[in-house]
Amino acid sequence: MTATTVDISARESEVLALLGEHLSNAEIGARLFISVRTVESHVSSLLRKVEAPDRRALAQRASELTRIDRAQPAPALPTPLTSFVGRAQERAELAGLLKAHRQVTALGPGGVGKTRLALVVAADVAGEFADGVWFVDLVPVTDPGAGAVAAAVAAALGLGEQPGRAMDESVYAALADRQALLVLDNCEHVRDGVAPFLERLLATCPRLTVLTTSRARLMVPFERVYQVPPMSLAGDGESDAVALFLDRVSELRWPPDTVLREHIASVCERLDGVALAIELAAARWPTLGLDGLTAGLSDQLRLLSGGSRTDERHRSVRAALDWSHALLDPADQALLRRMAVFVAPFTVDAAARVAGLEPPVVADGLARLAEQSLLVVTATANRTEYRALETIRQYGIERLAEAGELDDARARHLRWCLAQAADMAGARTDLRARFDATADDLRAALAWAADRPEQRTDMHHLARHMAELSFTRTYVGESQLRYEQAAALTDDPATAAELLRAAAAVAGCRMRGEDMYRLHRAAADASRQAGDTAGAARDLATAATNAHRFWSKFEQLPPHDETIALVAQARDLAGDDPAAQAAVALAEAGVLADAFGAAQGPADNAVDDTTARTELAVEFAARTGDPLAESAALDALTGAQSWAGDAFAAAATARRRVSLLSPLPQTPAVTHELLDALGMATEAALGAGDLPAARRWGRRLAEHPLLAEVGHRATSWLLVVDALAGDVDEVLAVSERFLEAWQRAGSPARSVLGPAVAAVAMVHGLRDDHEARRDWNAVLRQLGTPPEHTYGYGAVFDALGLLHEGQPDLALRRMAPEPADVWKWVTWIWHHWYVALRAEASVLAGSPDAIDRVAAARTVVAGNPVAEAIVERAQALLDGERERLLATVDAFDAAGCRYQSARTLVLAGGSDAARGTAAVAALGLAPMAPAPRLMRR
C-alpha cells in the first residue's frame, strides 16, 4: 500500500502521530484525553487498514501515511511478502478447532509452515472475535521466564508498565473481558515461560482464545494439539506442494507442461512436502534448472536418510538448507551464519559491524542471500532491514558453532550492542524508536554473556546502559533489574552501592516499597565493603526514612522497632560527614517525630518537636549542596508546617522543592523525588486555597510520562482541584481516565486515592446523579479509607454536598468536632476548608455560637482566597448585608472557584438568585436548595 492510497480520520491521524512517537495506548489516551479502550480501537483499525504486521511497523510507517482507504476490517496480523498457497483442508480443520477449543497448538517441525498456516487461519476466523486478533512473535524473547513472555504480549497489545504491578498482571487485566484471538508464534524456546503464563491467562480471561505455534507441545490445561502436516503431495502435478513451487517461481511464466509438473512433483516428494525446503529449492531454479535441483537434493537426502517420519521432515529441511548453503560461495556462507546472532531485523551497517566487513561488501552479500530466500528483506522510506526466518537462524547458529566462530560472532554482536546503547545514552531525540528497534538484540547479548566471565566488563557496561535507557523508555521494571544486574557485575563495591541506590529509586517509581528498603540496605552493605562508613550510614538512614516517608508504597511495612534500630546504626556510623548527618537528621524527623504522617508513625507526636527536628534536617541538608537531600528534608518540613496549621508556609516549601528539582536531569532519583514534590505542591496549594497553582502542579503531575499507565495516580489530585473549583466537565472527563486506569490496575486498595474518589462522588451528588454517586462511594469503600480521614476530606466533601442540598444542620453535625480534636487529618490540607465551611454551616443552621465561629474562622483562614471568601460570605449572611455578600462573587471568580461564585448569587436571593441558578445549571449541577433570608444579628 502506498502513501497515495492512505486516508484517515482526524482522530486516527492524532493516534497515528503518537504511535510514531512509540507511545503506549495509555500514554496516547492521556495525551488525547480519551479512554484506553478508544485508543485500542483506533490502533486496531489502523493496523487493519494499513496491513501493518504490528505496532512497531505501524510506528515506523507513521510519517509516510497520510491517507488510508476505507476498507473492510481485517485482523491485525503480519502481512507475508509471498502469497499463501493451498492447504484448504488444513485451514478448515484448524479453524474448526479454534471455534471449539480455547487453546490450540499448531505443532510441527521447523519449516513445515506452522506460522503461515496460523496467520491465514487467524485471518479466516477474525470475524468470530469481537475484540480482534493479536499476533506476538516470541523469537526475540531470550529470557524463558513468564515475565518476558508477558512483556512481549504487552508490547503487542500496546500496554505499558504499570508501576506497582507485574506485567503479566497488566496483561491479564487488559484481556479479562475481551473476546479476542491471541496468536503466539514460535513458543518452543520459551515453553517454560509460555506454559504458566497461558495457564493463568486462560483461567483469568474466559472469552479469550489462544493459537500457538511450536515444535513441541506446551503441556498446559485446555491445550488441543493440531499436527501441521507437510504440503499435500496428492495429485502429482496438481498437488499443493507443486503449486507452492510454481508460485515461488511464477515470474518465469511456466508453460502448462504436464511432464514438467510431474518432474517438480518428484522434487517436492523428495523434500517430503516441507514448505521451507520447497521454497529454498524454488529459489535455486533459475541457476540450476530442474535437473540440477534433482541431482543436488538426491545426494543430500540420501546422506540424511533414516529415522522416524517426523525426523525425516527435520532432515528434509536440514538437507535443503545444507544443499542451499553449499551452493553459496564461502563469503556468503560466512555472512549468513554471522547474521544468525541477530534476533531482530538488522540493517546493512549493523551487519557490517557484526560480520567484520565493509558495508558495500555486506550489502551485496545480503542481497544475494535474500535472492536465495535465505533472508527476508523489508524496505521502507527510511531504511532497509533484513532478517532470517527462525529455522534458518538456528541453522546459522549451528554453522557458527561448527566453524568455531560462535563466541567471536557473539562477542562482536555484544560490542555492537554496547556501542548502540552508548550512542543512545547520549541521544536527545527519537530515543524511543531507536531503543525499540534495538532492545531485543541488547537483551539477547546480555543473555548470551551471562555465563561468560571473560565478557563481564562489557556486560556490566551494557547492563548499566540498559538500566538508564529502559528507565527513560518508562520500562521501569527492566530498569530496576538491569541496575541490580550491573551492580552484581562490578568488582568495585562503591560502584555497586551507587547502582543499588539507583535501583532503589526506580523501585520507588514502581511503587515497590519493599524493594526500596531492601536495595538501600544492600547499598549500605556494599558501602561498608568499600570502606565508606558514611555512605553506609546514609543508606541505612534512607532505608528507615523511606519506610515512613513512602509508607503507602509498601505491601507490608517493616516493624517500627526495626526502622528505629536502623536510625541508631546510621547515627553511629555517620561521623562528621555532612551527607550522612543530613540523612540521619531526616530519619529522626521522619521516624521518631512522624514528619510524614506515616501509618506506623506515632499518633500523638508533638508539633513543636516535629517542627524542630525537620528544621534541623533542612539545615543539615542545605550544607550538603545536594538538591535531592534538600528536597527530602523540605518534604518533612512541609508536613510539620501543615501539622502546625501554617498552610501558606507549607505551600511555599512545597513550591521550593519543585523549583529545586525541575532543572535537574531526570535520573531515577530525581524523577522519584520530583513526582512526590509535584503531588505535595498540588496538595499544599489546595490547603492554601491557591486553586490556579494547584491545577498547574496537578496537570504537570497528570502529564508525567512515568504515570501514563497509572492514570488513577496521575489524576487523583487534579480531580480534587477541579471538584473544589466546580469544574464539573473536567471532573467528569478526568474521572473516566481515573476509573479506567484504577480498574486496569486491579482496583488496588490504596487509601491515598480516597480524596479523589470522594471528590468525584461529591460532584455526582451535586449533579443529583444518585446512581453514579453510589458507584463512586462503593469505590471509596474498596479503597479501605482509614477512619482518621473521616474529618479530613470526608467532612469537607460531605459538607459541601449537604449545604448544596439545603441541609446546614446535617453539615454542621458532620463537622461537629473542633479542629484541635482531630488535628492531624484536618490541619493537613483541609484545615481552612473545614473551618470555613463549619462557620458557614453554623450561620445557615442558626447555631447560637455562629458569631464566635465566624470570628474565629476569620483569623484562621486569613490569606486563603477561597476560605476567606466563604467566611466573608457567612459574615454577610449573618449581618444581612447584601452588597457585602455580592462582593464575594468577585472574590470567588478571582480565586478560580466558579461553583462558590454561583452559590453566592443563589444565597443572595432576589433577582440575583435567578442568575445564580442559571450559573449552577451551566456548571452541570442540580439546582441548589432555596436560599434562606438574609439575617441580622
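Atom set for the values below is all heavy atoms of this structure, side chains included, hydrogens, waters and symmetry mates excluded.
The main-chain N or O of Y395 is never found under 3.5 Å from a side-chain atom of R399 such that the two would form a donor-acceptor pair. The main-chain N or O of A350 is found under 3.5 Å from a side-chain atom of T347 such that the two form a donor-acceptor pair. The closest donor-acceptor contact from the side chain of R191 to the backbone of R217 lies under 3.5 Å. Of the possible donor and acceptor atoms, none in the side chain of R387 sits under 3.5 Å from a partner among the backbone N and O of P345. Using a distance-only test at 3.5 Å, with no hydrogens or angles considered, no donor-acceptor pair links the side chain of H460 to the main chain of L489. Put simply, the side chain of S214 never gets that close to the backbone of L107: no donor and acceptor are under 3.5 Å apart. Without hydrogens or angle criteria, R337 side chain to L400 main chain gives no donor-acceptor distance under 3.5 Å. At distances below 3.5 Å, not a single donor-acceptor pair connects side-chain atoms of D247 with backbone N or O atoms of V85. Judged by distance alone, the side chain of K114 and the main-chain N or O of G108 form a donor-acceptor pair under 3.5 Å.
Residues H461 and T457 meet the side-chain proximity criterion, which asks for heavy atoms closer than 4.5 Å. Side-chain contact between L442 and M424: present, with at least one pair of heavy atoms (C-beta onward) separated by less than 4.5 Å. Inter-residue side-chain proximity for R215 and H189 is flagged as unmet; no heavy-atom pair is nearer than 4.5 Å. The side-chain heavy atoms of D423 and R434, taken from C-beta on, include a pair separated by under 4.5 Å. In this structure, L198 and V149 have side chains that are not in contact, with every pair of non-hydrogen atoms separated by 4.5 Å or more. Contact annotation: the side chain of L418 never approaches that of L414 to less than 4.5 Å [non-hydrogen atoms, C-beta and beyond]. Annotation: side chain of L499 is not in contact with side chain of E484 (no heavy-atom distance under 4.5 Å). The shortest side-chain heavy-atom distance between L374 and L328 falls under the 4.5 Å cut-off.
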Does S470 form a side-chain hydrogen bond (donor to acceptor under 3.5 Å, both in side chains) with R443? I'd like the steps, not just the answer. CA-CA 11 Å; S470 53; R443 295 177 185 121; over 6 Å; no
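Here the options are V228, V120, V104, D124, the test is side-chain contact (heavy atoms from CB on, under 4.5 Å), and the partner is L94; only V104 passes. When the options L211, V183, L184 are evaluated for a side-chain contact (heavy atoms from CB on, under 4.5 Å) with F135, the one that passes is V183.
Taking each heavy atom of A486 and R464 in turn, the nearest pair found is CB-N, 3.9 Å. Contact record, Y483 with A503: CB-CB, 3.7 Å, taken as the closest heavy-atom pair. Scanning both residues, A282 and R248, for their nearest heavy atoms gives CB-CB, 3.8 Å.
R410 and D407 are not joined by a salt bridge, as no carboxylate oxygen comes within less than 4.0 angstrom of a charged side-chain nitrogen.
Shown here is E358, whose CD atom has no more than 12 heavy atoms of other residues, nucleotides or ligands within 6.0 Å.
A ring-centre distance under 6.0 Å is found for W416 and F342.
Side-chain polar atoms of T212 and T105 form a donor-acceptor pair below 3.5 angstrom.
In this structure, CD1 on I397 lies 13.0 Å from CD1 on I392, to the nearest 0.5 angstrom.
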